[in-house]
Structure formats: structure tokens, C-alpha cells
Visitor: 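The structure follows.
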Amino acid sequence: MSSSPDHHYHAGTVPSEAERSRAYAEAYAAAQPDAGHRVVAVDLEASEADWNFVPGITTRAWSFNGTVPGPTIEATVGDVVEVRLTNKLREPTVIHWHGLRIPAAMDGTGMVQRPVGPGETFTYRFRLPDAGTFWYHSHFNETVQLERGLYGALVVRSADDPVFDADRTLVLDDVELEDDGQVKPPGWWIESHDGREGSIRLLNGMQEPQITMAAGQIERWRIVNASSARYVLLSIGGRAFNIIGTDGGLIGSPVSTQQMLLAPADRGDIAVGPFTEGETVRIESLPLDRGSFKRHKKPELFGTVHVSAAAPSVAQLPERLREIKPLVTGSVTPNREVRLGFSLGLKHGVEFNINREQHHHADPVRVGELQVWDISNRSPVHHPFHLHGFFFQVLEVNGEPPAFLSWEDTANVPAFGRIRIAWMPDDRPGEWMYHCHILEHHAAGMMAHFDVIP
Ligand SMILES: [Cu+2]
């Protein structure tokens with residue numbers, strides 16, 4: 001078992017067990033549902049389970065509650081989620097709540113809590129502040145634990161959500177199996193450079209399944225890219241669809257497109273349809289050069305939509321979805337440069353770093369002080385930059401403004417490129433982190449931890 005990357009600290013930055021316990025107890029007590037809202041109680045058991053990623057092949061997966069993905073947690077803004085994690089694995093684990101703006105003590109990393117050991121339980125409790133499509137996943141020994149299946153979706157709805165004929169969650173992933181049907185252990189060199197891209201593509205834990213959708217209807221699809229390293233340039237059979245949301249919920253207005261880039265850990269909410277009875281529509285990823293050794297030359301299938309008999313539609317796609325106020329208008333001076341770099345080394349073959357330091361200890365930020373960060377990529381591969389616990393707005397990609405304004409927690413930094421982001425640390429002091437969400441890069445050091453201070 002390899003240790004979690006979260007465990008590399010500089011002396012003096014580790015909070016004491018008493019400090020951690022106090023922060024946890026405060027966050028637990030503060031998590032109260034809004035008036036008229038409820039506590040959504042969920043038991044999650046991390047354990048080994050037999051699972052058929054591929055029909056006819058039984059794989060010993062690592063799962064939450066026996067399925068891959070784990071159960072989709074569904075709730076409404078203002079609810080409190082209380083998740084009791086029981087660890088039945090033979091190694092520690094923790095659950096990170098990806099994209100949720102919750103207190104640091106509930107972030108689920110080895111930095112803010114002692115990992116949950118075999119046989120132990122730990123209860124996460126937090127209020128849901130935002131509607132959108134989120135996910136949860138192990139944040140310990142990730143190249144093994146996520147790859148084997150320790151992840152699931154978390155959907156937060158709001159009374160203001162637009163109305164569709166159906167609301168589906170599609171979690172994309174891939175896996176590499178050995179001849180005996182078991183998940184291949186992490187590799188070295190090329191895999192450390194590219195990250196693991198399994199040759200078996202999964203939709204909701206199954207290889208290229210078929211789903212059925214009624215003709216004449218428009219559905220909301222919540223897509224989660226749970227892959228270790230695979231970039232998905234999503235295409236729905238080459239048809240036009242509307243992007244309606246990203247990591248941090250709805251965008252301002254629907255954006256009609258034929259493809260959407262979903263880097264590892266990204267989410268995309270799209271309005272799909274209407275289709276005609278009898279059609280077969282491919283859910284696939286188009287070829288994309290992300291600088292990896294392994295190239296994709298053809299579209300790659302995740303699943304197929306079979307269009308059944310027509311059903312009446314009540315879907316209404318409004319012109320305005322919500323108001324997103326820009327954090328920055330006019331020119332601005334960045335107050336941090338985050339440099340994503342690499343070197344060659346013996347441990348992983350390729351080592352990754354931030355500001356020339358593996359597991360970088362970054363400067364603190366102060367509550368209420370606007371952050372404008374330039375994130376530059378000094379390497380020949382794309383990196384998906386993930387900030388824990390806070391949404392940011394992308395101001396520029398390689399000097400150009402993005403196609404639309406959105407709230408993100410993960411954004412692609414192109415090979416040898418640069419993005420500029422802005423975010424506001426609200427009043428949730430504590431220890432946070434940012435890292436590349438290619439799990440092999442994260443494990444090889446492309447991460448930083450920092451304090452949000454009052
Ligand atoms: Cu990376």
C-alpha cells in the first residue's frame with residue numbers, strides 16, 4: 001500500500017489531534033438544515049465487492065455499498081447530509097466531497113482528519129449550500145482506491161431548477177483489467193506521465209451500456225468524469241446539445257454546442273434531445289491531444305442511447321438560468337503564480353511539482369481577500385487544476401476569455417499554457433489544498449496545501 005499524498009507535510013503545519021477534534025466538533029454542531037429542510041442520513045460502507053465492469057467477468061472491486069459507482073446521494077439546497085462511513089477495507093480511507101463548499105474539517109482529506117482505519121467509522125455532517133452536480137470519492141491511496149471504484153455522485157437540487165422530462169446522472173470512468181479480470185495495479189514511467197487510462201470505458205460502472213430514452217423528450221444529463229486521467233471531449237452522436245451547468249451549478253444561459261470538454265473530475269450538466277423513435281445515439285469522447293504518450297485517434301464509446309416510442313414533453317429550457325456576477329471586471333493584477341512542473345525521478349519515473357516543490361506548502365490566503373491566480377503549465381501535458389472547497393471563475397485561458405462565465409472547482413490548464421482564475425475565500429478558515437486531478441500526477445507531488453486564515 002502506498003501512502004496518501006496528503007501525508008507529506010512540512011514540519012509545523014500539522015494541526016494537533018486536539019485542534020482537529022475541536023474544528024470537527026464545531027463543524028458538526030454548526031451543520032443545521034434550513035427551516036423546512038431535512039437531514040439526509042446515508043450509511044456508506046467501503047468494502048470489497050464482486051462487480052461486473054465487463055459482462056461475464058467478475059472483478060473484485062472496492063465499492064461503497066457494493067456498487068460502482070456508490071449510491072447517488074440526492075438532496076436539496078439547505079438540507080444537511082450526514083454520512084456515516086464504515087471502513088471494511090484492509091487499509092485506511094477518507095471521503096472527499098468534491099466541489100462542496102463545506103467547512104475544512106469536513107473536506108475529507110488526510111490533512112484535516114485522521115484517515116479512517118479498517119473497522120472504524122467516521123461521520124461527515126454538513127449543510128448543502130449550492131445546487132449542482134457534485135461527487136464524492138476516496139482521497140487516500142487514490143490511484144488504487146478510485147480506480148477500483150470508490151466514488152459516487154452527489155446531486156443537489158433547487159426549487160429554481162429548470163424542468164426537464166428526466167434527470168439522469170451519468171458517471172464516466174475507465175478501468176484496466178488484467179487477464180484474470182482483476183484491476184491492474186498502478187504502473188510506472190508512461191503511466192506516471194500520462195496517468196492511468198484504462199482500455200475499458202465505463203458508464204455508471206458498466207462497459208458501454210445501452211440506455212433508453214423516449215422520443216420527443218428533453219432530458220437533463222449530469223455528467224461526472226470520474227476517470228483517473230482520461231479527458232472526455234463529450235459528443236452525443238454529433239448532435240447539438242445545450243450546456244446548462246458546470247462544476248458549480250447552472251451557468252447564466254444555455255450554450256448550444258456539439259462537444260464539451262470534461263477533464264478528470266469535471267462535471268457538465270447538459271440538456272439532451274429531443275430524438276426520434278428508433279434512433280441510436282452514441283455517447284462518446286472525440287479524439288483529443290492532451291500531450292500524453294498514448295494518443296486517441298478515433299472516437300471512443302462510453303454508451304449508447306436507444307430511442308423508444310415518443311412520450312409527451314414538459315421540458316422547458318429557459319433563456320436565463322441564473323445570474324452569475326463576475327468577481328473581476330477590468331484589468332487586474334494576479335497575486336499568486338502557481339507553476340505546474342515536472343522532473344524525472346526514480347520513485348514514479350516522472351515526478352510532478354508545484355512551484356518546483358513536490359507537495360508544495362503554499363502561502364496562506366485571508367478570508368475576504370480576492371484571489372487572482374495565474375496557473376501556468378510548464379509541462380507538455382494538460383493538467384486539470386482542482387481547488388478544494390471553493391468555486392473559482394476562469395478569467396483567461398492562454399490570454400483569451402472563456403466562452404462563458406461559470407463557477408468551477410476544476411479547470412484544464414493546457415500543455416505549456418496558462419489560465420487565470422479568481423476566487424473569494426469566504427469565512428471557512430482552515431487547511432485546504434489544490435492539486436492536479438490526474439491521480440498519478442497528484443500522487444507524484446503535483447499538489448499544494450495552504451491555510452485560509454481569518
Ligand atoms: Cu497533472
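Bear in mind the structure is a predicted one, so any value in this text is a computation, not a measurement. Both counts, for ligands and for their atoms, begin at 1 and track the order of listing.
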Visitor: Regarding Glu351 and Ser343, do their side chains bring together a donor and an acceptor under 3.5 Å, going by distance alone?
Guide: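 The criterion, which ignores hydrogens and geometry beyond distance, is not satisfied for Ser343 and Glu351.
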Visitor: For the residue pair Phe293 and His193, categorise the inter-ring angle as parallel (less than 30°), tilted (30 to 60°) or perpendicular (more than 60°).
Guide: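 The rings of Phe293 and His193 lie parallel, inter-plane angle below 30°.
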Visitor: Validate the cation-pi geometry between Arg125 and Tyr28: distance from NZ or CZ to the six-membered ring centre under 6.0 Å, angle to the ring axis within 45°.
Guide: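 Yes.
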Visitor: Between Tyr136 and Tyr151, does the ring centre distance come in under 6.0 Å?
Guide: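 Ring centres of Tyr151 and Tyr136 not closer than 6.0 Å.
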Visitor: Check whether NZ of the Lys or CZ of the Arg Arg428 lies under 6.0 Å from the centre of the six-membered ring of Phe390 and within 45 degrees of that ring's axis.
Guide: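 Arg428 over Phe390 ring: yes.
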Visitor: Please identify which of these residues, Arg196, Arg201, Arg230, meets the salt bridge (charged side-chain N to carboxylate O under 4.0 Å, His left out) condition with Asp174.
Guide: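 Among Arg196, Arg201, Arg230, the one that satisfies the salt bridge (charged side-chain N to carboxylate O under 4.0 Å, His left out) with Asp174 is Arg230.
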Visitor: Tell me the protein N, O or S atoms under 2.8 Å from the Cu ion (ligand 1), in chain and number order.
Guide: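 Only His383 ND1, Cys436 SG, His441 ND1 fall inside 2.8 Å of the Cu ion (ligand 1).
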